[in-house]
Structure formats: structure tokens, C-alpha cells
Amino acid sequence: VPHARTVHQPPPNTRRVAGGPTGVWGSPTKTPHPPITHLFSPASHTLARPTEEKRSLRSQSPAPPLRFVRVEGTAEEMAVSEGVLLGMGNPLLDISAVVDDAFLAKYDIQLNNAILAEEKHLPMYDELASKGNVEYIAGGATQNSIRVAQWMLQVPGATSYMGCIGKDKFGEEMKKNAQAAGVTAHYYEDETAPTGTCAVCVVGGERSLIANLSAANCYKSEHLKRPENWALVEKAKYIYIAGFFLTVSPDSIQLVAEHAAANNKVFLMNLSAPFICEFFRDAQEKVLPYVDYIFGNETEAKIFAKVRGWETENIEEIALKISQLPLASGKQKRIAVITQGADPVVVAEDGKVKTFPVILLPKEKLVDTNGAGDAFVGGFLSQLVQGKSIEDCVKAGCYAANVIIQRSGCTYPEKPDFN
């Protein structure tokens with residue numbers, strides 16, 4: 001764990017605990033894997049001298065408190081601080097409903113895809129809202145992952161989140177939802193644009209996502225630089241941002257990416273969607289050298305390879321190539337994690353590829369795949385911030401995704417049942 005040190009004696013018998021792809025999901029079978037030791041040694045990094053702007057952003061507040069969770073029968077300790085995991089992204093209210101093939105054809109949308117709304121899609125939101133089976137769920141890719149990580153950790157305040165919402169009833173619902181989830185959310189509230197929405201069209205358990213960003217598209221790095229918000233960046237040891245945020249505030253991403261590199265923190269991103277890999281390649285290329293962990297599914301990985309002229313569709317080869325792309329000064333290595341629905345999860349690290357099988361979910365138990373990829377990342381992060389092995393991280397990711405696809409939207413029961 002980065003900068004782990006004993007602050008005070010814990011109570012007796014405790015340890016310190018840290019706070020869509022397509023197809024079906026489950027838990028991987030156990031295969032031996034050594035504990036993660038990379039990225040966690042401050043001595044392994046050459047820290048860049050901060051600029052005057054970055055110095056001014058540094059918080060003078062004391063280190064956040066450590067929380068303790070009682071674990072029977074062990075004296076093992078693992079450091080966790082409040083706000084250990086930060087997410088930044090596009091907060092959206094999901095408008096989810098079961099539709100038919102005619103609806104998909106009417107609005108020219110495809111299953112297992114994520115796109116930004118065009119003019120032709122705008123009437124769709126009212127039509128979805130008029131359906132008897134419609135559900136409203138606080139979402140957005142990064143926010144989903146952070147909520148799932150918080151749920152898996154069960155340590156209040158372990159996670160935090162930033163993004164832009166409107167000053168309206170949907171925005172108020174978003175704030176209430178984050179608070180109920182135990183996430184510390186610092187939203188930028190735009191005075192003019194409404195809270196963003198995402199149409200979730202479900203057919204036979206598969207989903208198509210059409211995002212109307214609205215206020216989510218208005219996030220500004222000035223909000224990030226405010227002392228009370230930059231304090232969240234200072235607290236965090238792990239920072240996760242989905243690729244969708246590249247369309248909104250690449251300067252904010254660059255700011256936190258450089259901070260992570262200069263302060264021996266772990267920075268993680270997601271390919272997120274084929275259109276990000278195709279049409280926002282320049283922004284993606286600029287931040288990739290700072291990325292310690294990159295997530296994606298098999299469709300996104302193939303597009304990522306195609307636009308770079310890699311003449312392969314082999315996911316293991318692509319994952320390996322992504323992991324070996326150039327790194328920024330101070331970064332030691334990158335790990336690529338590619339999910340493939342019902343097929344094994346592919347992890348490329350240190351010039352080697354490992355695969356982790358998943359246990360299939362019977363088709364009759366599948367409700368919808370919306371949020372499955374986000375949940376996988378959330379589960380993965382919940383173990384990573386505790387210094388667990390890659391095997392444990394993948395297992396937790398598959399568990400979380402398995403829970404989510406048996407429910408409507410990115411929702412979960414009160415407590416996780418993960419060991």
C-alpha cells in the first residue's frame with residue numbers, strides 16, 4: 001500500500017481495511033498469483049518537481065484518519081485512509097426501460113453499444129419515460145464504479161467523486177443517492193444546463209446506452225482546483241476516471257494524472273466505448289503514459305488496436321501491446337485488464353498474459369447487462385486499494401458484475417456476500 005505506516009495502535013484483533021462488457025459474468029476459479037508489489041514502493045519512482053500551480057493546490061490539512069474494521073481470528077493490518085479512492089466523471093441519471101427491436105430500429109441504435117445522443121435521439125427520452133416499466137437510477141460510468149467499490153468496502157467515506165450536475169430535481173436526487181451510498185460527492189452545479197441523462201434500452205437482457213450529457217458536459221477544471229475539492233485529490237491514493245470524461249474535461253484528467261505521477265499514486269482509466277478510442281484518440285494518447293491500470297472490454301480493445309494499425313484481433317496480444325505502450329517519467333509499469341463477457345478476463349502485466357475464467361450465469365437469471373463493466377471495475381478497485389492480488393481483484397470484479405446483471409440497472413443489495 002502506498003506510504004503505509006503505523007499511525008497508532010489498532011484495537012486488539014483488528015486489521016485496517018481500505019475503503020459493460022457484453023455477455024455474462026461470474027467469479028473466476030482460483031489460480032495462484034503472487035501479491036501485488038509493484039507501484040507501491042516510493043523508492044521506485046523519480047518524483048518530478050511540482051510546478052508553482054501544483055504547489056498552490058497542495059493541501060495543508062493533516063493526514064486523514066485511519067478506520068478499523070474488526071476481523072475475527074487475525075491480527076493482520078492493512079492501511080486504509082478516508083477518501084483512499086477518488087473518481088471523476090460524467091454523472092448521469094439512467095432512464096431505463098425494456099423495449100423491443102422496433103424501438104431500436106426507430107432510433108437507429110444497437111445493443112451492446114454506448115453512444116452520445118444526437119438530434120434524432122432526443123424524442124426517445126420522453127418515449128422511454130412514458131413506458132410503464134421505466135426506472136430512474138443514478139448512474140454514469142465512473143460514478144457506478146465508485147458506488148460499487150464503496151458498497152464492496154462497507155467503510156463510510158472510503159470513496160469520493162466529482163462531476164457536474166444541474167440545479168434541478170434530478171441533481172438533488174443524484175446528491176441524495178451519493179450520500180446514501182456512502183460516497184463523498186463534490187458536484188459542480190451548473191446554473192443553466194439540466195442534469196445529464198442516459199437512455200438505457202434493454203432487449204432480452206442486453207442493453208444499449210445513449211447519453212445526453214447536458215450538465216455533465218459542463219465540468220470545468222476550475223472546480224477541481226478549489227481547495228475543498230483539490231483536498232479530495234490530495235487524500236486519494238487511487239484515482240479512477242472512465243474514458244467518457246475525455247469528451248468533457250481532458251485538462252482536469254491531465255491535472256490529476258500528473259499529480260498521481262508526481263506523488264506515487266495509482267492512476268486508472270477505462271477505454272469505455274469504441275467511439276472514445278476512434279474519435280478521441282488524441283486526448284486518450286496524451287493521458288495514457290500516466291495510466292497504471294487500463295480497463296476495457298473486447299470490443300473496445302479491438303477498436304483501440306484497429307485505429308493504431310495493429311494487425312491483430314487477438315485480445316491477449318492487444319492487452320500485451322497496451323500494457324507496453326510508453327510510460328511517463330516516474331511510472332514503472334502498466335497493467336491492462338480486458339473483460340470478454342462469458343470468456344476469461346485477460347490481464348497483461350510485466351510482458352506476460354494471464355487469463356481468469358468466469359463461472360457462467362444461467363440465461364434465465366440475467367436481468368440486464370447495464371452497469372456490468374462499471375461493476376467489474378468497482379469490485380476490482382475495492383480489493384486493489386487493500387493491496388490484494390490481481391486474482392482477488394478480478395474475482396471481486398466478477399462477483400460485483402454477477403450481482404449487478406441479476407438486477408435492473410447498476411444496483412445492489414444492502415450488503416455484499418464476497419469472500
Could you please spell out the steps behind the side chain to side chain contact (heavy atoms under 4.5 Å, CB included) verdict for Phe376 and Ile404? CA-CA 9 Å; Phe376 175 85; Ile404 265 64; over 6 Å; no

For Leu92 versus Cys198, what's the shortest heavy-atom pair and its separation? CD1-CB, 4.0 Å

Under 4.0 Å between a Lys/Arg side-chain N and an Asp/Glu carboxylate O for Lys175 and Glu172? yes

Taking the six-membered ring for Trp, are Trp151 and Tyr412 parallel (under 30°), tilted (30 to 60°) or perpendicular (over 60°)? parallel

When Val134 is tested against each of Val98, Ile95, Val200 for side chain to side chain contact (heavy atoms under 4.5 Å, CB included), which residue passes? Ile95

Taking salt bridge (charged side-chain N to carboxylate O under 4.0 Å, His left out) as the cut-off, I'd like each qualifying pair that reaches into residues 407-419, sequence neighbours left out, listed once. none

Would you check if the side chain of Lys265 reaches a backbone N or O of Ile239 as a donor-acceptor pair within less than 3.5 Å? no

For Leu366 and Thr369, the nearest pair of non-hydrogen atoms, with its separation, is CD1-CG2, 4.0 Å

May I ask you to decide if the ring planes of Phe380 and Phe295 are parallel, tilted or perpendicular, using 30° and 60° as cut-offs? perpendicular

Is it true that a side-chain atom of Asp350 and a backbone atom of Lys352 form a donor plus acceptor pair closer than 3.5 Å? no

Asp368 side chain vs Asn370 backbone, donor-acceptor pair below 3.5 Å: yes

What are the two closest heavy atoms between Thr299 and Pro274, and how far apart are they? CG2-CG, 4.0 Å

Parallel, tilted or perpendicular: which one describes the rings of Tyr188 and His223, with boundaries at 30° and 60°? tilted

Classify the side-chain pair Asn270/Tyr240 by whether it contains a donor and acceptor separated by less than 3.5 Å. yes

Rounded to the nearest 0.5 Å, how far does CG of Leu384 lie from OG of Ser389? 10.5 Å

Indicate whether the side chain of Ser249 and that of Asp251 have a donor and an acceptor atom separated by less than 3.5 Å. yes

If we ignore hydrogens and angles and just use 3.5 Å, is the side chain of Arg334 paired with the main-chain N or O of Leu288 as donor and acceptor? yes

Can you name the nearest heavy-atom pair linking Pro91 to Met174, along with the distance? C-CE, 3.8 Å

Separation between SG (Cys201) and CZ (Phe103), nearest 0.5 Å, reads 4.5 Å

Would you say Thr142's side chain and Ile241's backbone share a donor-acceptor pair under 3.5 angstrom? no

Quick test of your reading: applying salt bridge (charged side-chain N to carboxylate O under 4.0 Å, His left out), list the pairs with at least one residue in residues 305-325, sequence neighbours left out, ordered by first then second residue. Glu285-Arg308

Residue that, paired with Tyr107, satisfies side-chain hydrogen bond (donor to acceptor under 3.5 Å, both in side chains) out of Glu127, Lys120, His121: Glu127

Please find the pair of heavy atoms, one from Ala117 and one from Tyr125, that lie closest to each other, and give the distance. CB-OH, 3.4 Å

If you take all heavy atoms of Phe418 and Asp392, which pair is closest and at what distance? CZ-O, 4.2 Å

Strictly by modelled atom types, are Asn177 and Glu173 linked by a side-chain donor-acceptor pair under 3.5 Å? no

Rounded to the nearest 0.5 Å, what's the gap from CG on Leu128 to CD1 on Ile210? Could you check? 7.5 Å

Could you tell me whether a side-chain N or O of Asp190 sits under 3.5 Å from a main-chain N or O of Ala215, the two making a donor and an acceptor? no

Stepwise, does the ring pair (Phe, Tyr, Trp, His ring centres under 6.0 Å) test hold for Phe267 with Tyr290? CA-CA 7 Å; Phe267 184 62; Tyr290 297 90; 7.6 Å; no

Taken to the nearest 0.5 Å, the spacing of Ile338 CD1 from Ile322 CD1 works out to 4.5 Å

Please test Leu268 against Asp292 for side chain to side chain contact (heavy atoms under 4.5 Å, CB included), starting from the C-alpha separation and ending with a verdict. CA-CA 6 Å; Leu268 313 94; Asp292 298 299; 5.7 Å; no

